[in-house]
**Q** 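Below are the C-alpha cells for one structure; questions will follow.
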Amino acid sequence: MTVGGNSLTDTAEHPLQTLDRVVIRFAGDSGDGMQLTGDRFTSVSALFGNDLSTLPDYPAEIRAPAGTLAGVSAFQVSIADHDILTPGDAPNVLVAMNPAALKANLKDLLSGGTILVNVDAFDERNLVKAGYEANPLTDDSLAGYTVYEVPMTSLTLEAAKPTGAKPRDAERSKNFFALGLVSWMYTRPVEDTLQWIAARFAKTPTVAESNALAFKAGYNFGETAELFDSAYEVKPTHFDPGTYTNISGNTAIAWGLVAAGQLANLPVFLGSYPITPASDILHELSKHKNFGVRTMQAEDEIAGVGAALGAAFGGHLGVTTTSGPGVVLKSETIGLAVSMELPLVIIDIQRGGPSTGLPTKTEQADLLLAVYGRHGESPLPVVAAKTPSDCFFAAIEAVRIAVKYRTPVILLSDGYLANGTEPWRLPAVEDLPEISAPFTTEPNGTDAAGNPVYLPFLRDPETLARPWAVPGTPGLEHRIGGLEKSDPTGNISYDPANHEHMVRTRAAKVAGIAKDIPPVEVDDQEGAELLVLGWGSTYGSIGAAVAAARAGGRKVAQAHLTHLSPFPANLGEVLSRYRRVIVPEMNLGQLSRMVRAEFLVDARAVSKVQGQPFKASEIQAAIDEALESLQSEARA
Amino acid sequence: MTVGGNSLTDTAEHPLQTLDRVVIRFAGDSGDGMQLTGDRFTSVSALFGNDLSTLPDYPAEIRAPAGTLAGVSAFQVSIADHDILTPGDAPNVLVAMNPAALKANLKDLLSGGTILVNVDAFDERNLVKAGYEANPLTDDSLAGYTVYEVPMTSLTLEAAKPTGAKPRDAERSKNFFALGLVSWMYTRPVEDTLQWIAARFAKTPTVAESNALAFKAGYNFGETAELFDSAYEVKPTHFDPGTYTNISGNTAIAWGLVAAGQLANLPVFLGSYPITPASDILHELSKHKNFGVRTMQAEDEIAGVGAALGAAFGGHLGVTTTSGPGVVLKSETIGLAVSMELPLVIIDIQRGGPSTGLPTKTEQADLLLAVYGRHGESPLPVVAAKTPSDCFFAAIEAVRIAVKYRTPVILLSDGYLANGTEPWRLPAVEDLPEISAPFTTEPNGTDAAGNPVYLPFLRDPETLARPWAVPGTPGLEHRIGGLEKSDPTGNISYDPANHEHMVRTRAAKVAGIAKDIPPVEVDDQEGAELLVLGWGSTYGSIGAAVAAARAGGRKVAQAHLTHLSPFPANLGEVLSRYRRVIVPEMNLGQLSRMVRAEFLVDARAVSKVQGQPFKASEIQAAIDEALESLQSEARA
Amino acid sequence: MTDVAPPTTKKDWSSDQEVRWCPGCGDYSILTAVQMLMPELNVRRENTVFVSGIGCSSRFPYYMNTYGMHSIHGRAPAIATGLAVARPDLDVWVITGDGDGLSIGGNHLIHALRRNVNLTILLFNNQIYGLTKGQYSPTSEVGKVTKSTPFGSVDWPFNPLSLALGAEATFVARTHDLDRKHMMETFRRAHEHKGAAFVEIFQNCNVFNDGAFEQITAKDNRSHMLIPLEHGRPIRFGPDGEKGVALDGQGRAAIVNVADVGEDALVVHDEKRPEPGLAFMLTRLSHGPYEPTPIGVFRAVERPTYGDQIQRQLLDAQSRSGPGDLAKLLSSGSTWEV
Amino acid sequence: MTDVAPPTTKKDWSSDQEVRWCPGCGDYSILTAVQMLMPELNVRRENTVFVSGIGCSSRFPYYMNTYGMHSIHGRAPAIATGLAVARPDLDVWVITGDGDGLSIGGNHLIHALRRNVNLTILLFNNQIYGLTKGQYSPTSEVGKVTKSTPFGSVDWPFNPLSLALGAEATFVARTHDLDRKHMMETFRRAHEHKGAAFVEIFQNCNVFNDGAFEQITAKDNRSHMLIPLEHGRPIRFGPDGEKGVALDGQGRAAIVNVADVGEDALVVHDEKRPEPGLAFMLTRLSHGPYEPTPIGVFRAVERPTYGDQIQRQLLDAQSRSGPGDLAKLLSSGSTWEV
Ligand SMILES: Cc1ncc(C[n+]2csc(CCOP(=O)(O)OP(=O)(O)O)c2C)c(N)n1
Ligand SMILES: Cc1ncc(C[n+]2csc(CCOP(=O)(O)OP(=O)(O)O)c2C)c(N)n1
Ligand code: SF4
Ligand code: SF4
Ligand SMILES: [Mg+2]
Ligand SMILES: [Mg+2]
C-alpha cells in the first residue's frame, strides 16, 4: 500500500466503525501550529461532505512561553453526517502535543474519551512547566480514558531525515504528523492535504517536504501500528445541492460588506484600527481593492470611524470594524452620525470584558452598550449575526438599514462567530436583497421667496429618512453638524420645541424600522409553555439544546433575534404566548433586561460569562430547570 | 430723598403691595450683561432673606450677533417669602432690553404679566433683526400685558454724563439702570449693590461710577416716574437659623470635592478638559490649591480621566469632570478603573444631546449611558444630585462610595443644577459624613512557601472591596491592569471559571452597596395610589407639582432617587405599594426603563426634552392625567 | 477637475447664515479672506467642502456657501481624511483652532500631516479656548492666567509649525488675521499644494485674549517684528531690510544686522529643501509673538498624497484582476459541490 | 528621596511572573538591560512604577518587581502624568510601542513631552504591531506588505525623534536592543533627566518584522551604520572614525569623509543647545534603518518640570493662604445669617 494516493483510505486490515458525529480537539503550544492543523482537518472534512462547526481557542500572547498552561492553543472541530449547530460540548478525542495541553484540556474531554499524546514531550521539564507533580501518563490519573502514547516528535524527526533539515526545524512538522494520524483515524482523504502542503509551503521546499513526510508518517503510523483497534468513518451529510465553502464569521462579514456595496452601488470605505478579534475583517477587505473597496488603517478607533463618516458624507458606504474597547472610543462619533443622520455601519466583534478583559475569548456583553451607550437620546438600529455564515446576511441587512434610513447601525458579532467556521452553501448573487441608496440631486423645497432650495432634513414621510445629497452635486450645497438642527432646514436651532420634535423624530425613525424587518419566527411546539429566546452566537447551542430537550420528551419553543433595536413588531405578542421565557446569553442578562423593560415580561437570563460559548448541555439543564419550576408552580 | 441710602426703600409716595412670590426674567443681548444683572438681583434678595431659585439661559455662542434672536441671553429668578423649589413656571415680569429679547421670551410670560422694555432699542434696525414686521409696542399685540416703556439707554447716557465716559461705553451701564428700576419695584436694599459695584469695578473707576449712576437713575426713575402704580414687597422667608449662602450646583460640587478630600484625608486630583456646562467646577477647584487640590487641564477628556486614574493609583482622590461628549470618550478608561477596582469619581454635568446638541441647555439623557455605557460587564455605582446645594452632598456621597468600595462612581448633575442657585444653610463641618480610605501597608497573605505576600484582589468579605496599596509602600509591589485577573493574586488569568467568578464578584460588589445607602423615602399621602418617582434636577419641579396637586385635592405620593445604581434596597417594595408610577424625566424615559426592567412595574415616563427644566404645571398635568386614567380604569 | 469653473464673486461663497462671532473677532477677517480668495481659485462651490471641529473658529463652515460639516471636537482631520480619500475630486478644507487642532485633536492632525492627505488645513491660533469662555490652550504662553489657571499656566506651549514639521508635513505656513493680502496669498499657496497643507493663522480673540499678537502684527510693529519668508531670497526684514537671518557652522540660527555680516552671509530661504531642518530652525527663531517672527511659507515640498496612492492601488487592482465579480469572490475559497 | 537605597540585584527587580514574549524577541534584552540597570540607580523598588499601554512591549511591567500598571492602548503617558504629578516622590517609567505610543497614543505622548512631565519614556520601536499579529505601524516603511496592507502601505512614517523634538521634548535619545551597554547607558541618562525623557529603542520583532534593523544594528554593520553621538565631541563614525557629519552655511547637514574636510569642519555635538534645531537636523540624517543613523542622546536640556511647578503652586498657595480651612471655604461667598 502506498502513501500518497487515495488508496490509503482503504484500511482493509483494520475494522472500520461508522460514527454519526465526532468532536476532536487539537491542543498544543502556541508555536505548535494547532490552529493550522485544525483548519486543515476542517477543510478536508468539508470537502468530504461532512457538516461541521469549529471553535479555535488561543491565548492573548503571540507566543506565550513554551510548555506552559498560558501558552496552550487549541482548535476544536466537530464533524458529522447530519446538520449540526455547534462544535460540540465535549471532545471525544483530544490530541495533546505536550503536558500543558493535556492539563489545560483534559477537564473538557468526554469521560471515556480518547487521548492522543505526543509522549516525547512528557519529559521532566515539560511536566514541571505544566505544573504536574507526577507524570499523568504513568500515575493512573488517566484511567478513565483511552490513551495512545505516540512518540510524535521522534517519528517526525525520523520521517523528515531525507530532507536534511536540522532537527530543530524538522521537529516543527510534528503537527502534520498529528494531522496525518487523525486523518487516518477518521479516514479523511489525503491527497488534498498533500497538495495543500505543497502549495502553502511552495517558497520553502524543505519545509514542504518535511511536512508532507511527517503527515504521511502519521497516517502510516495509524495504519500500521498495532495501537489502534479500528479507524472510524463519519459519512457525508445530506446537504442541499449547491456549491459550498467553509466560512468563518469574519470572512462572511467582509464578503457581506463587499456584496452590500455592490447591491447598493456604493463604494465601500472601511476606516478601522486593528483589534482582536475584528482585525481579520480589515485584512480580508484590504484584499478586494478591485471592488473599489478602500480600506484605511487609521491612527486609532476614533479616526477610523471618523474617516468612515467623512466618506459617508461623500456618498460612500462608510464602515468601521472593532471590538468593545473600540466601540466606546467611537461612541462620540457615532452620536454625531445619529445627529447628522448619515448612513454608517459599526461592526463590533465582541470579546471578553470589561476593559482589555479576555481579548481572544468570546462574550456577548456589549448589547446594552450598543443600544444605550451614547450621551443624549441617540437611538440607532442594532443587528446581530447568529452563525458564521449568517454574518454575511447580517452585514447586508445592517447596510440595508443604514442606507435606507440614513442612520448609523451597529452590527454585533463575537469572537466565537468571528473565528468559528461552518459549511455554507453559496447564495446566488441575484437572490441577494436589493439595497436602494438614491442620492438626492435636485432641490426639494422652496424658500420664502419661492426659490428652489435644498432642505437637508425634509424627510420621507414613510421612512422618516432625510435626503442624502453628496458633495459634488451643484445647487445642493449645505452644512450639517452635531448641534441641534432646525426642521427641515438643518440650520442650527436652540428652539426648545424644535429640539423635542427632533429628538422624538429621530426616535420614531428608528422605532419605525420595526415595520420593515421580518417578524421573529418561533420554532414552536404544540403545548410548549417555555420559550427559549436568544440572540447572536448562542443560536447553535440553543438549537442543539432545544433539539435534545425535545428528543427527551420536553416541550420547548425557540425564537432567535436578529434585530435588537428595534425589536421585531411581533415580539411582544410572541412573548405573551408563553408562561416562561428564558434567555441564554454570554453576559449577566442584557437582552433579558431589554425585554423586561419593553414588555414587562419576566424573562430570565441564563448567564455564562467564561469566554467560552455555551455547551448545549448547559442550556438543556436550564430548560429542564425552567420546566421543573413551571411544574412546581402549577402544583402549588 | 437721597439715592444711596436705605432711605430709598421708604417709598412713601407709592403704595406698597405685598406679594408672596414673584418671578422675574431679565432678557437682553448676550453682550448686555443680563447674567450679571440677574445674579446681582439674586444676591440682594438672598441677603434680604427671601427664598429663591434661579435659571440662567444663554446661547452657545460667546456673543451671538447683537439684536438677533440667537443672541438673546436671559436670567430668570424667583423670590418668595416661603420655601420654593423652582425658578417658577412663567415669569410675572419680563425685562426686555431689545426687541429680540421681547420676542424670544414673550411666550413664557404669565398672561397679564408685566413687561419693562428698553424703548430706545425698539428702532427699525433692531425690529428687523428680531424678525418683527411691525413694532409690537404700537401694534396692540401686547394688549394682554402691562407694558412699561422706559428709555433705558438714553436715561443711562444722561445719568453717566458726569463720568465723562464716551457714550459707547456709558451705554453699557444700561443693565444697571434696569437693575435699579427692578430693585425699586421690589423694594430691594440698594446699599449692598452699590458697594458691590464699587468693589467689582474697582480697577476701572469710570465704569464703576457710570454703573452706580445708572443704577441710581433706574431706582429713582421708578420712584419718581408716574408710570408705576405701586412698588411691591416680598417679605423674607422663614429660614432655619444659620449662616446661608447662595450656591450654584457647580460650586457646590467643587466644594463637596474639597470637603470629601478633607474628610477622607486624601489629596484631591482633578484631571479635566473644559466643556460646557462642567468647566466651572474645574475653574473653582483650581482656586483651592491651598487645600492640596491639584487640577490639571488635560489635552482631552481621555487624558483627563487617565491622569485622575493614575493619581488614584498613587493614592489620591482622582476626579474628572465633564459633560456627555466627554463621558463617552472617557468610557474606556472608566472600564479600566472598573477592572482594576480603583476609586475614581466621574462627574457628568448633562446637557442637551445627542452629539454637540444644545451645549448650554439642560437635559437628563445620560442616565443609561452612565449605567450601561461600557463594553463588557462593567457595573459601577451612579449617584445623582437633586438641587444646587444637594450637589455638595452628592459629591461627598460619590467619593464615599468610590473610596470605600474601590470603584469608579459616576455622579450625574445637569446644566440646570450647574448654573442654577439656591440659598444654602452652611453645614457644620463636624456634621459631614466620615469617609474611610485606609491604605493597606502590610502583606495580607502568604505564598505557597509561607512567605508574606500582598494579594491585591483579596477582598473585604463585607464590602467585597479589594485592598488599596499605593506605590511607596515597601513590600507591596504589585502590578494591575485591564486583562482579567486571577483571584486573589491579580495575575493575568484566562481561566474560564475565574473570569465568571470575577465578573460576578464585581457585579456583587456594586449590588451590595444597596445595603450601605439609605432607603428611598416616600413623601406619602394617605390613600395615594399614584407615585411620582424622580431623579436628579426634576426634584424641584416635581415637588412643586405635587404640592400644587395636593392643594387641589389630589392624592399623590412622591419619591426621589439619589442612588441610581444600585437602587435603594426598598425601592421594589415602595413601587409595589402604588397602582400607578409616573417618572418625569428630561429624556425619553430612561429611569422608567430601568425600573421596569428591574421590578417589572409599569412605570410610565413623563418626558420633556426641550433643553429646559419642567414647569411644575407640566408635571401637574401629568399627575392629573394619571389620576384620571386610574379612575377610568377603576370605572371600567 | 480641469474644467474652468464659472466665475463667482465673494457673495456666491457666503451662506445665508448670520455670522455669530463676537464683534471685533479676528475670525471675521479670515472668513473674508477665504470668501474673497475662492472666486480666484477656479473651483466650484459644489466641489468644495469645509470640515471643522468645535470651537468659535469651527463655526466657519456655516458661513461658506459650500458643502460643510461642523463635526466634533478635534476630529475634523480624521473625518476630512475619509472624505478626501473617498472623493479625490473634492477640495477639502479643514478649519480648526489651537484647542481643537492641537489639544484634543493633536493626534489626528499629526497623522493627517504625515500621511500627506490632500487637505488644506487652517488652524486659527488665538492662544485661548474661545468657545468655552477662556481657558488656556496648548499654545498659550507659560504663566497665562485664565479661568482654569488662576495662578498662571505651567505647561510649555507647542509651536504649531515645529510640531507640524516634526510630523513630516510637506507644506507649512503662517499668516495673521490683520493682513488680508498675506492671508489670501498664503491660503492660495496652501490650496495649490498637493497634499496636506498646514497654515497657522495668528488670530485675535478680542474677548478672552485681546492683543495676543499685537506686538508683532499691529500695523506699526509689523516691519520690525515680522520676518517675511520668500523662496529663493535671503531672509531679511526690518523697515529697510536691515536685519537678516544667518546660520553658523554649528547650525545656530541668529538674527543679524545685514550691515555687519553682508548679504551673502544670510540664509537664502528654500521652501523646497527636501529636508525640513532649515524650516524647523526658522520656526524656532521666535519663542512667542513678541520677538521677530517669520511668516509666509516655511516648507512646500512634493510627496505623493495618501489619497492618490490609495486610488492608484484600486486602479492597479482593477487592471490586474478586473472589476470585482461577486460570484467569483464567494467561490474564491476552497469550495465543493453537493 | 535623597537617602541611599539598600543594595539590590537584578533578581530583586524581576517579578515572579513568567515572561511571555516569543522566543527570540528583542523585548527580552531590553528587559534585561532595565533589570540590570536598576540596582545601579540608587532607587527603591517601592518607589518605582512602570506604566504601560497595550502591545507586546506593554507587558513589560508584569516582569518588573515594582509597582506597575498595564493600562489601555495608548493612554500610558496620560495615566503616568497623573501619577507623576500626584506623587513627585516616585520614579515613573512609561513603556510603550510604536503603535501604542505613536498611533493611538500619539497625542498623549506629545503633550507629556511638551509639558515636560517627569517621566522616563521607553518606546519599543519594532516598526510593526506585534500583539495584533502583524499590521504595519506609523513607523513602518512605505510599501510595507502586512496583513492590513497586502499591496503595500502608503503612509509616510513618523520619525519618532523628529516628532518628539517638534513636540518640545527636553530629552531625546535612541538606542537598540542588541547593545546592552548602550541601552543601559542611555536609560541611565534618561532616568537622570529631570522632566520627560524620551528614548526610542530599535527592537526586533522576530515573528512579524524580523531583521528590520539588521542593516544597521547587526554586529558587523554597526561601526559603518551607527553614528554615536557624544556631547562636546565632533560627530564621527566608521570603523576608524573616518566619516563625520558637517553642516554648510545654508543649514544642510551631510555625511562627509573626515579626510576630505578636516575634523574642524565637523559638527560638534551639543546636546545642551537650548534650541532643538541641531538635534532635529541630526534626526533627519537617516531616512530609515538602512542608512547611517545616529544613536545616543540627541538633546538633554533643562526646563522646569510640570509636576514641580504644580507642586510649587500648591506650596505657594499654602504659604499665602494657609492650609485649607473647610468652614472658611464654605463661607467664602457672600453669606447672611438667619
Ligand atoms: C469632546 C468635547 N470636549 C470639549 C468640548 C468643549 N469645547 C468646545 S470648543 C473647545 C475649545 C475651543 O478652543 P479652540 O479650538 O482654540 O477654538 P476657539 O474657540 O478658540 O476658536 C472646547 C474645550 C466639546 N465640545 N467636546
Ligand atoms: C482601544 C484598543 N484598540 C486596539 C487594541 C488592539 N491592540 C492591542 S496592541 C496593538 C498594537 C500594538 O503595537 P505596538 O504598540 O507597536 O506594540 P508591539 O506589540 O509591537 O510591542 C493594538 C492595535 C486595543 N487593545 N485597544
Ligand atoms: S470668544 Fe474670542 S474667538 Fe470666540 S468669537 Fe469671541 S472674540 Fe472670537
Ligand atoms: S510578536 Fe514580535 S514583538 Fe511580540 S513578543 Fe513576538 S517577537 Fe516580540
Ligand atoms: Mg482658540
Ligand atoms: Mg510595535
Side-chain angles (χ1 to χ4, degrees), chain A residues 59-60 70 323-325 327-329 331-332 335-336 338-340 348 350 352-361 363 365-366 368-369 371-378 481-484 492 494 496-497 499-500 503-504 506-507 587-588 593-594 596-598 600-602 608-612, chain B residues 59-60 70 323-325 327-329 331-332 335-336 338-340 348 350 352-361 363 365-366 368-369 371-378 481-484 492 494 496-497 499-500 503-504 506-507 587-588 593-594 596-598 600-602 608-612:
Chain A
S323 185
V327 176
V328 291
L329 289 169
S331 296
E332 192 197 9
L336 177 63
V338 168
S339 174
M340 297 196 306
D348 176 5
Q350 300 164 95
S355 197
T356 313
L358 296 176
T360 58
K361 312 287 175 185
E363 203 157 287
D366 296 354
L368 292 170
L369 168 69
V371 179
Y372 299 124
R374 291 160 299 281
H375 66 280
E377 290 290 348
S378 44
L483 285 163
E484 188 57 283
I492 299 173
Y494 303 124
H499 178 49
E500 175 133 8
V503 165
R504 290 191 183 273
R506 286 185 289 260
N587 59 45
L588 291 183
R593 191 163 278 272
M594 287 172 60
R596 291 167 67 87
E598 190 76 21
L600 294 179
V601 159
D602 185 12
K608 175 176 184 178
V609 200
Q610 304 192 354
Q612 302 287 347
Chain B
S323 186
V327 175
V328 290
L329 289 169
S331 295
E332 193 198 6
L336 176 63
V338 168
S339 173
M340 298 197 304
D348 176 6
Q350 300 164 95
S355 196
T356 312
L358 296 176
T360 58
K361 312 289 175 184
E363 203 157 289
D366 296 353
L368 291 171
L369 169 68
V371 179
Y372 299 124
R374 290 161 299 283
H375 65 280
E377 289 289 347
S378 44
L483 285 163
E484 187 57 282
I492 299 174
Y494 304 125
H499 178 49
E500 175 132 8
V503 165
R504 290 192 182 273
R506 285 185 290 260
N587 59 44
L588 291 183
R593 191 163 279 271
M594 287 172 62
R596 292 167 67 89
E598 189 77 21
L600 294 179
V601 159
D602 185 13
K608 175 176 185 180
V609 200
Q610 304 192 353
Q612 301 286 347

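Fair warning: this is a prediction, and the values are worked out from it, not measured in the lab.
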**Q** Output the option from B:Met340, B:Arg506, B:Met594 having the highest count of non-hydrogen pairs under 4.5 Å with chain A.
**A** B:Arg506
**Q** With respect to chain A, which residue among B:Leu336, B:Asp602, B:Leu588 yields the maximal number of heavy-atom pairs within a distance under 4.5 Å?
**A** B:Leu588
**Q** So for A:Glu332, is it side chain, backbone, both, or neither that comes closer than 4.5 Å to the heavy atoms of chain B?
**A** both
**Q** For chain B, which candidate among A:Ala365, A:Pro354, A:Gly373 shows the most heavy-atom pairs at distances under 4.5 Å?
**A**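 Looking at each option in turn, the highest pair count goes to A:Pro354.
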**Q** Quick one: does any side-chain atom of B:Glu500 pair with a main-chain N or O of A:Val609 as donor and acceptor, under 3.5 Å?
**A**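 A pair under 3.5 Å: yes.
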**Q** For each of B:Leu329, B:Val327, B:Thr360, B:Ile492, tally heavy-atom pairs with chain A at distances under 4.5 Å, and name the one with the top tally.
**A**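 Of the options given, most contacts go to B:Leu329.
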**Q** Is it the backbone or the side chain of A:Val601 that comes under 4.5 Å from a heavy atom of chain B, or both, or neither?
**A**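 Contact with chain B involves the backbone of A:Val601 alone.
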**Q** With a 4.5 angstrom heavy-atom cut-off, is it the side chain or the backbone of A:Glu377 that approaches chain B, or both, or neither?
**A**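 It is both, since atoms from each part get that close.
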**Q** Only pairs of heavy atoms separated by less than 4.5 Å count here; which of A:Gln612, A:Lys361, A:Arg374 has the most with chain B?
**A**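 Highest number of heavy-atom pairs under 4.5 Å: A:Arg374.
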**Q** Under 4.5 Å from any heavy atom of chain A, what part of B:Gln350 do you find: side chain, backbone, both or neither?
**A**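 For B:Gln350, no heavy atom lies under 4.5 Å from chain A.
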**Q** Chain A: which of B:Asp366, B:Asp348, B:Leu600, B:Val338 shares the most heavy-atom pairs with it under 4.5 Å?
**A** B:Leu600
**Q** Does the pair B:Glu598/A:Arg593 count as a salt bridge with the N-to-O cut at 4.0 Å?
**A**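 Here B:Glu598 pairs with A:Arg593 in a salt bridge, since their nearest N and O are under 4.0 Å apart.
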**Q** Between B:Ser378, B:Ser331, B:Gly357, who has the most heavy-atom pairs with chain A when the cutoff is under 4.5 Å?
**A** B:Gly357
